[in-house]
Every structure is written in structure tokens, then in C-alpha cells.
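Note on naming: letters A, B, ... go to the chains in the order of the sequence lines (proteins, then strands), and numbering restarts at 1 for each one. Everything numeric here is computed off the predicted structure, so don't read it as measured data.
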2 protein chains.
Amino acid sequence: MDRKWVTMGDVARAAGVGKITVSRALRTPSKVSADTLEKVQKAVVALGYVRDETAGALSSQRSRVVGALVSTLEQPVFASTIRGLEEGLSAGGLQLLLGSTRYQPEKEALMVSTLLGRRPDALVLTSSDHTEDTRRLLSGAGLPVIELWELPETPIHAAVGFSNRAAGHDMARHLIASGRRAPVFLRTDRASDTRADMREKGYLDALEGHAPRIHSLPPREDQGGPDYGAEGLAQVLQRWPDTDAVICVSDALAVGALCEARRRGIDVPGALAVTGFGDIDVAGAAALDLTTIRIDGAAIGREAARLTLAACDGEDIRGRRIDLGYQLIRRATG
Amino acid sequence: MDRKWVTMGDVARAAGVGKITVSRALRTPSKVSADTLEKVQKAVVALGYVRDETAGALSSQRSRVVGALVSTLEQPVFASTIRGLEEGLSAGGLQLLLGSTRYQPEKEALMVSTLLGRRPDALVLTSSDHTEDTRRLLSGAGLPVIELWELPETPIHAAVGFSNRAAGHDMARHLIASGRRAPVFLRTDRASDTRADMREKGYLDALEGHAPRIHSLPPREDQGGPDYGAEGLAQVLQRWPDTDAVICVSDALAVGALCEARRRGIDVPGALAVTGFGDIDVAGAAALDLTTIRIDGAAIGREAARLTLAACDGEDIRGRRIDLGYQLIRRATG
DNA sequence: GCGCCCTATGGTATCGATACCACCACTTGC
DNA sequence: GCAAGTGGTGGTATCGATACCATAGGGCGC
């Protein structure tokens with residue numbers, strides 16, 4: 001299974017030039033004569049040479065790798081973010097080293113340190129809730145850090161996202177304005193899901209005299225699919241039978257809650273409004289037609305890639321907060 | 001923004017030992033006395049040292065990185081596969097370098113060569129359709145290659161997946177056995193989606209005299225969400241008005257087709273059966289209750305991680321084909 | 001015609017870790 | 001009591017690329 005890799009020296013010998021010339025021919029072709037360039041390119045093809053980027057990283061102190069951490073890949077919106085990020089970065093010649101934290105700050109701390117071991121040129125974090133350890137590591141590392149999906153007051157360096165609080169507020173406001181009297185906020189109770197926390201805060205902001213009703217489902221291994229939402233609605237109705245709206249913290253929960261409501265013969269949206277968050281692709285399908293908040297995940301990723309490339313280019317990105325907003329999509333369920 | 005990284009030499013000086021001892025303390029603690037170990041660990045914490053893995057990779061010729069390519073992350077089943085893979089690998093001390101090919105073999109060729117530049121210890125490919133260039137690169141590179149989601153007759157080295165052909169066959173068989181006379185196979189027409197091709201072959205195998213009806217939707221930028229499935233059903237019904245079953249190549253298409261059928265007032269499953277592929281989490285929700293083929297994406301990832309770790313341990317994995325099967329989930333739509 | 005600069009190229013040191021070998025201080029066996 | 005082992009430690013070369021400096025050769029201005 002083992003084979004020696006072709007090295008730059010091999011290519012140099014084959015092309016009859018010095019190896020530094022090979023390096024230049026590949027990295028900065030403009031600094032090499034057309035003649036030499038061709039010889040080198042021929043030798044590269046003939047030998048099937050692939051440059052060892054790790055060696056290059058060591059000597060140039062630039063790895064051309066960006067570390068990224070997501071809470072989970074299994075929510076399609078995050079997957080879209082990663083796609084946008086990957087596309088943007090690879091266009092700029094950067095590669096993506098990926099990890100997931102599963103909403104656990106301790107896991108994040110571990111992963112950050114693992115990623116730093118690869119000496120990435122930048123770090124992208126899909127979260128803004130970090131342990132003290134993480135913050136210390138990051139501030140000591142001296143590399144650009146970009147936070148996504150939230151807009152903290154004082155980001156570590158820069159952030160790309162939207163206001164979860166405002167979004168939660170708008171949704172609650174919308175329901176109250178259309179006559180709902182007893183809206184419930186349904187969420188999972190993960191220890192550190194700051195996005196859910198902020199949406200909940202927004203919900204509370206919007207109540208204006210209505211009684212706050214927050215129902216938290218205990219965290220589970222799976223990330224909270226529709227089954228969980230169905231269960232959640234059952235609990236909510238038992239706890240507050242007069243509920244007339246359920247604001248779910250995610251579309252997955254909302255789909256479950258909606259189906260459970262229909263199963264029980266509850267009139268949606270007549271007797272009960274159900275709303276989601278994220279606008280996953282099935283949310284708009286006719287059988288569901290869910291009212292929700294649309295987030296453009298891919299755009300967040302693309303914007304993050306733009307910022308990253310700028311930072312790698314030496315630009316100072318500290319303090320930048322890019323708000324990409326959200327959109328309340330009013331459909332049939334509320 | 002720049003700061004010098006702490007090196008192993010710094011730690012060695014602080015701990016009053018040689019730097020090779022530091023290396024051993026971190027990599028193989030058992031070979032160092034308890035006393036020295038403690039001194040080193042203290043120095044590591046005090047200085048906030050993070051080992052430079054790229055330098056380590058260069059000298060040990062083992063990068064502890066695994067390159068992975070997926071067709072897309074936006075199908076939840078692939079996201080699950082990546083989660084399974086990542087969990088398995090990180091438990092074994094390996095990191096994941098991720099790229100996506102968007103179902104384009106040329107993009108795959110490019111990404112493989114980019115990944116090889118990082119000198120990964122293994123490669124995981126979510127596809128079995130490779131260009132000649134890719135095959136040459138891979139065979140020359142001399143590293144373990146694991147293909148997922150398909151079971152080619154002769155994998156490059158090893159494969160983990162299931163028979164897409166058998167799954168397509170079983171679904172068609174199931175519908176015909178329950179009395180359907182004119183089943184249609186609905187798919188998107190991507191140039192190189194071999195999984196869809198195999199499912200289609202399976203469908204054809206099962207027809208036994210019934211007329212083959214395959215409707216291909218032209219490829220589009222988005223990966224084919226429910227909207228596309230709705231459009232697809234409309235086209236199918238126009239082309240073959242007597243259609244009594246639609247076998248969709250993915251759940252996303254099926255959800256769209258199902259909703260479109262209901263919108264038109266078609267009796268499902270009475271007049272029309274609709275089936276999907278993948279069993280995404282909303283498929284089972286009451287409002288959809290889709291008949292589909294369940295694939296355990298996470299298990300595929302975990303099994304791939306196991307194989308990868310074995311291969312990195314020196315085991316010869318050539319010729320292994322691990323069949324994880326699938327499950328026909330019969331629900332309300334057929 | 002001389003000196004200057006600019007382009008193209010090569011040599012050598014270097015990045016930060018690990019492999020390999022050497023060595024020392026003990027213990028163990030006979 | 002001495003050779004042979006063993007566990008712990010350090011020195012030095014090395015991995016494969018790039019940075020930095022040096023150099024050769026030509027064109028051009030004065």
C-alpha cells in the first residue's frame with residue numbers, strides 16, 4: 001500500500017532546473033520565464049506530482065486551511081452554510097477542516113484546540129457561546145475568528161448572522177397582532193443553545209402583558225426531529241389547554257407539532273397557529289405550508305468566506321458585524 | 001493580529017528537559033517517567049502550548065488527517081454519514097478534511113488532487129463514479145480509499161454501502177405486488193449520479209412485462225427540493241395520464257410529488273402511490289407518512305470510520321465490501 | 001562605455017516536529 | 001562481581017517545502 005511521494009526535487013531534476021524554480025513555477029508562475037514554466041509543467045504531469053501543502057505550510061507559516069466548527073450538520077440550514085463557506089473558500093484557494101460540537105461548549109473547546117494544532121489561517125465558529133478556555137486559546141492564537149449565525153455585541157473579531165432576538169420578537173408580534181392570546185414558545189432545553197435563548201428573549205420582549213409560556217423539552221441524543229415536536233405539542237396542550245399558538249424554535253419541531261395537531265383534529269390555524277424557524281425545503285411544501293422565519297444559510301457561509309479571504313489577505317476585520325437579516329414567511333399555519 | 005506560536009522547544013526549556021522528551025510525553029506518555037510527565041504537563045498548561053500537527057505530519061509521514069468528499073451536504077442522509085464518520089474518526093485521533101463534489105466527476109478529480117496535497121492518511125469518497133484522472137491519482141498515491149453509499153463490483157480498495165439496485169428493485173416489486181400497473185420512476189437527470197442510475201436499473205429489473213416509464217427532470221442548481229418534485233409529478237401526469245404509482249429517487253422529490261397530488265385532489269394511495277428514498281426525518285411525520293426506503297446514513301459513516309482506522313493501523317482492507325442494507329418502510333402513501 | 005537596475009535562477013538556512021541511534025544509570029541473573 | 005538487559009533521556013539528521021540572499025546576464029540611460 002505504501003509508495004514514495006514524488007517530491008519537488010524529483011520534479012526539478014526531471015525538468016533540469018533548481019527546486020526553488022519549481023516552487024515558483026507552481027506558486028507564482030509570473031516570476032518564471034515561459035520556457036522554464038513549460039518544462040516544469042511537463043515534468044509535473046509526467047511524474048504525477050502533487051505538492052505537499054503541509055511542508056509548504058511549515059515553511060511559509062501559512063497553511064491555507066480554515067477550521068470550521070458547526071453545532072450540527074444535520075440541520076439543513078447549517079449544511080447550507082457550510083456549502084456556501086466551502087465554495088467561497090475553495091475559490092480563494094483555501095481548504096476547509098471541519099468539526100462539529102453538538103451544542104456542547106466543552107466539545108467546542110476540545111475541537112478548537114485540535115483545529116489549532118493544524119495551524120489554520122482562520123477559524124469559523126457557528127456559535128457565540130464559548131468557554132473561558134476557548135476564549136483564552138483563541139485570543140492567544142492570534143488568528144482571525146469569525147462567528148456565524150448570531151450577532152454578539154462584541155464579537156471575538158467579526159460576526160456574520162442576524163438577530164435571533166429580533167426574529168423571535170417578530171414572530172411573536174405577528175401572532176399577537178393577528179389575535180393570538182396565549183402563544184407558547186416551544187424549544188429543546190440544550191444547555192448552551194444561545195440561538196434558541198435569544199429567540200426566546202425576543203418572544204418575551206413581544207408579549208406586552210400576555211403571560212409568558214415557555215415549554216422546554218429535555219435534550220436528547222438525536223437533534224430533535226419531528227417526533228419530538230409532536231411529543232412537545234402534547235405536553236404543551238396538557239400544561240396549558242387554552243394555547244392558541246405554538247412558536248417552535250425550529251422547523252423540525254414545528255413539522256412534528258403541526259402533524260400532531262392535525263392528528264388530534266385541531267383546526268390549524270383556526271384554533272391553533274404553529275410556526276417554525278429556518279424554512280427548510282419541505283416547510284413550504286403544500287401538505288405543510290408552514291409559517292416560519294427564513295434564513296439564508298448559504299449566504300451566511302458565502303459572506304463568512306469573503307471575510308475570511310479578506311482577513312487572510314491581511315485586512316483587519318476586527319469589529320465587523322454583518323447582518324444578513326431574516327424574513328418572516330407567512331403561510332397557512334399562522 | 002500576529003503572534004508567535006509556542007514551540008516544543010519553549011516547553012522543553014520551561015520544563016527543564018529535552019524537546020524530544022516533550023514529544024514523548026505528549027505522544028506516548030507511557031515511555032516517560034511520572035515525574036517528568038508532570039513537569040511537562042505543567043509547562044504545557046502554563047505556556048498554552050498546542051502541538052503543531054503539520055510539523056509532526058512532515059517528520060512522521062502520518063498526517064492523522066482523512067480526506068472526505070461528499071456529493072452534497074444538503075441531503076440530510078449524507079450529513080448523517082459525515083457525522084458518523086467524524087465521530088468515529090475523532091475517537092481514533094483523526095481529523096476530517098471535507099470537500100463536496102456536487103455530483104461532478106471533474107470537480108471530484110480536482111478535489112482529490114487538492115486533498116492529496118495535504119497528504120491524508122486515507123480518503124473517503126461518497127461516490128463510485130470517478131474519472132480516469134482520479135483513478136490514476138488514487139492508484140499512484142498508495143493510500144487507502146473507501147467508497148461509500150454504493151457497492152461496486154471491484155471497489156478501488158474497500159466500500160461501505162448497500163445495493164441501490166436491489167433497493168430500487170424491491171420498491172418497484174412492492175408496488176407491482178400490491179396491484180400497481182403503471183409505475184413511473186421519477187428522477188433528476190444528473191450526468192453522473194450512479195446511485196440514481198442503479199435504482200433505476202433495479203426498477204427496470206422488477207417490471208416483468210410492465211412498460212418502463214422513466215421520467216427525468218433536467219438538472220438544476222439547487223439539489224432538487226420538493227418544488228421540483230411537484231413539477232415532476234405534473235409532467236409525469238401529462239406524459240402518462242394513467243400513472244398509478246410514482247417511485248421518486250429521493251424523499252425530497254417524493255414530498256413534493258405527494259403534496260402536488262393532494263393539491264390536485266388525487267387520492268393517495270388509492271389512485272396514486274408515491275414513494276421516496278432515504279427516510280429523512282420529516283418523511284415519517286403524520287402529514288406526510290411517506291412510504292420509502294430507509295438508509296442508515298450514520299451507520300455508513302461509522303463503519304467507514306472503523307475501516308479507516310483499521311487501515312491506518314496497517315491492516316489490509318483491500319477487497320472489503322460491507323453491505324449495511326436498507327429497509328422498505330411501508331407507510332400510508334403506497 | 002560604464003554603471004545601474006531588473007529579471008530569472010540557484011544555494012542555503014529554516015519552519016517544528018519525530019525517527020533513529022547513543023548513552024547513562026539501574027536492575028537482574030548466574 | 002560482572003555481563004546482559006531495561007527504562008528513561010538526549011543529540012542530530014530528517015521530512016518537503018519556502019524565505020532570504022546572492023548572482024549572472026541583459027537592456028538602458030547618460
**Prompt:** Can you list the steps and then say if B:Thr194 with B:Asp129 is a side-chain hydrogen bond (donor to acceptor under 3.5 Å, both in side chains)?
**Reply:** CA-CA 7 Å; B:Thr194 49; B:Asp129 182 35; 5.8 Å; no
**Message:** Is a donor from one side chain sitting under 3.5 angstrom from an acceptor on the other, for A:Glu108 and A:Thr131?
**Reply:** no
**Prompt:** Angle, rounded to 10°, between the helical axes spanning five pairs at each terminus of the helix from C:dG1-D:dC30 to C:dC30-D:dG1?
**Reply:** 30°
**Asked** In terms of side-chain heavy atoms, does A:Gln95 have a donor or acceptor partner in B:Thr114 at a distance below 3.5 Å?
**Response** no
**Prompt:** Going through the checks in order, is the salt bridge (Lys or Arg N to Asp or Glu O under 4.0 Å) test met by B:Glu86 and B:Arg83?
**Reply:** CA-CA 5 Å; B:Glu86 201 253 346; B:Arg83 174 171 60 82; over 6 Å; no
**Prompt:** Do you know which of A:His130, A:Glu150, A:Met111 makes side chain to side chain contact (heavy atoms under 4.5 Å, CB included) with A:Leu125?
**Reply:** A:His130
**Prompt:** If you look at every heavy atom in A:Leu115 and A:Ala68, which pair is closest and at what distance?
**Reply:** CD1-N, 4.1 Å
**Request:** Determine yes or no for a side-chain-to-main-chain donor-acceptor pair under 3.5 angstrom, with A:Glu147 supplying the side chain and A:Ile156 the backbone.
**Result:** yes
**Message:** Return a single string for nucleotides 8-17 of chain C, one symbol per nucleotide in 5' to 3' order, where B is base contact, S is sugar-phosphate-only contact and - is none, cutoff 4.0 angstrom on heavy atoms.
**Reply:** SBBB---BBB
